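We number each residue from 1, following the sequence as shown. Predicted model only: the values in this text are computed from it and were never measured.
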Amino acid sequence: QVRLVESGGGLVQAGGSLRLSCAASGRTLSSYAMGWFRQAPGKEREFVAAISRSGVSTDYHDSVKGRFTIFKDNAKNTVNLQMNNLKPEDTAVYYCAKGSVSGVSPITAMYNSWGQGTQVTVSS
């Protein structure tokens, strides 16, 4: 069973940047598609970004396209989310997840392992 641990969250002003990292133990993340999701207070968990098992394909929610980048660091066995030009509406708990299929998917049911999340707060 894989254990996923997110890090890199924090408080940042609008327009700033953060890099989230998801480290895995028990599995090699290069063997899986991975995703990032977020959940704001009172809202459902929503898709943010995904990367295929090979790392060749990525997908993003429209609201983060051009600002966020998902990538794998196979040497460190991590999947990362570089977030630039952050906006107050990006405030949420961010979760990484391991996919049950090899391709990218925005559907939470296509992910079978989840981290506990890291808080991102963007002030205006």
Side-chain angles (χ1 to χ4, degrees):
Q1 185 72 8
V2 65
R3 179 170 177 260
L4 303 174
V5 179
E6 301 93 339
S7 62
L11 173 64
V12 64
Q13 288 186 333
S17 298
L18 285 173
R19 177 176 292 185
L20 305 184
S21 184
C22 175
S25 60
R27 291 290 189 274
T28 301
L29 292 186
S30 61
S31 299
Y32 302 96
M34 298 294 297
W36 283 94
F37 292 77
R38 66 188 180 187
Q39 188 166 17
K43 295 186 177 181
E44 293 187 354
R45 191 170 298 189
E46 68 173 5
F47 169 74
V48 175
I51 187 166
S52 64
R53 180 176 61 188
S54 68
V56 172
S57 298
T58 57
D59 190 22
Y60 298 91
H61 189 278
D62 285 346
S63 66
V64 307
K65 284 182 179 177
R67 300 189 297 123
F68 290 12
T69 303
I70 186 171
F71 62 98
K72 291 182 177 180
D73 185 334
N74 292 333
K76 296 182 179 179
N77 201 30
T78 60
V79 60
N80 306 285
L81 187 68
Q82 177 66 40
M83 307 187 296
N84 298 328
N85 190 22
L86 282 159
K87 302 177 180 181
E89 51 264 43
D90 294 319
T91 295
V93 177
Y94 283 70
Y95 300 88
C96 74
K98 181 181 74 68
S100 58
V101 295
S102 61
V104 296
S105 174
I107 304 173
T108 56
M110 302 304 287
Y111 296 84
N112 54 17
S113 292
W114 295 80
Q116 292 193 335
T118 185
Q119 176 72 46
V120 171
T121 303
V122 184
S123 63
S124 58

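For the residue pair Asn112/Lys98, the side-chain donor-acceptor check at 3.5 Å is satisfied. In the model, Gln82 has a side-chain atom that pairs as donor or acceptor with a side-chain atom of Asn84 under 3.5 Å. In the model, Ser54 has a side-chain atom that pairs as donor or acceptor with a side-chain atom of Ser52 under 3.5 Å. Arg38 and Tyr94 form a side-chain donor-acceptor contact under 3.5 Å, judged by distance and modelled atom types alone. Counted by atom type alone, Asn80 and Ser21 present one or more donor-acceptor pairs between their side chains at under 3.5 Å.
With Asn77 contributing its side chain and Thr28 its backbone, the two residues share no donor-acceptor pair below 3.5 Å. A distance-only check finds a donor-acceptor pair linking the side chain of Glu6 to the backbone of Gln116 [under 3.5 Å]. A donor-acceptor distance shorter than 3.5 angstrom exists from the side chain of Thr91 to the backbone of Val122, with no hydrogens or angles considered.
The hydrophobic cluster containing Ile70 also contains Leu86, counting ILVMFWY residues as joined when their side-chain heavy atoms lie under 4.5 angstrom apart, directly or transitively. Linking Ile, Leu, Val, Met, Phe, Trp and Tyr residues whenever their side-chain heavy atoms come within less than 4.5 Å leaves Tyr60 and Met110 in two separate clusters. Tyr111 is connected to Ile107 through a chain of hydrophobic side-chain contacts under 4.5 Å among Ile, Leu, Val, Met, Phe, Trp and Tyr, so both are in one cluster. Side-chain heavy atoms closer than 4.5 Å link hydrophobic residues (I, L, V, M, F, W, Y) into clusters, and following such links, possibly through other members, connects Val12 to Val48. Linking ILVMFWY residues whenever their side-chain heavy atoms come closer than 4.5 Å, directly or via other members, places Tyr32 and Leu20 in the same cluster.
The structure places CG of Asn74 at 12.0 Å from NZ of Lys76, a figure rounded to the nearest 0.5 Å. Interatomic distance, CG of Leu81 versus SG of Cys22, reported as 10.5 Å (0.5 Å rounding). The distance from atom CE of Met83 to atom OG1 of Thr69, rounded to the nearest 0.5 Å, is 11.0 Å. For the atom pair OG (Ser31) and CZ (Arg53), the distance works out to 7.5 Å, reported to the nearest 0.5 Å. Rounded to the nearest 0.5 angstrom, Thr58 OG1 and Phe68 CZ are separated by 14.0 Å. Rounding to the nearest 0.5 Å gives a distance of 4.5 Å between CG of Leu4 and SG of Cys96.
The two atoms that bring Ser105 and Ala50 nearest to each other are O-CB, 3.9 Å, heavy atoms only. Pairing each heavy atom of Gly9 with each of Thr118, the nearest pair is N-OG1, 3.2 Å. Between Ser124 and Ala14 the shortest heavy-atom distance is CA-CB, 4.4 Å. Taking both residues in full, the closest heavy atoms of Ala33 and Ser102 are given as CB-O, 3.5 Å, listed atom of the first, atom of the second, then distance. The two residues Val2 and Ala24 come nearest to each other via the heavy atoms CG2-CB, 3.9 Å.
Ionic pairing of Lys87 and Asp90 is not present here: no N-O contact between side-chain nitrogen and carboxylate oxygen is shorter than 4.0 angstrom.
More than 12 heavy atoms of other residues, nucleotides or ligands lie within 6.0 Å of CZ in Arg67, so this atom counts as buried by the packing criterion. Within a 6.0 Å radius of CD in Gln39, more than 12 heavy atoms belonging to other residues, nucleotides or ligands are found.
Ring geometry for Phe37 against Phe47 counts as perpendicular: the plane angle is over 60°, on a 0 to 90° scale with 30° as the lower cut.
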field: Candidate pair Trp114 and Arg45, rule side chain to side chain contact (heavy atoms under 4.5 Å, CB included), full reasoning
entry: CA-CA 12 Å; Trp114 295 80; Arg45 191 170 298 189; 3.2 Å; yes

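The side chain to side chain contact (heavy atoms under 4.5 Å, CB included) test with Trp36 singles out one residue from Val64, Val79, Ile51, and that residue is Val79.
Considering only heavy atoms from C-beta on, Thr78 stays 4.5 Å or farther from Lys72 through its side chain.
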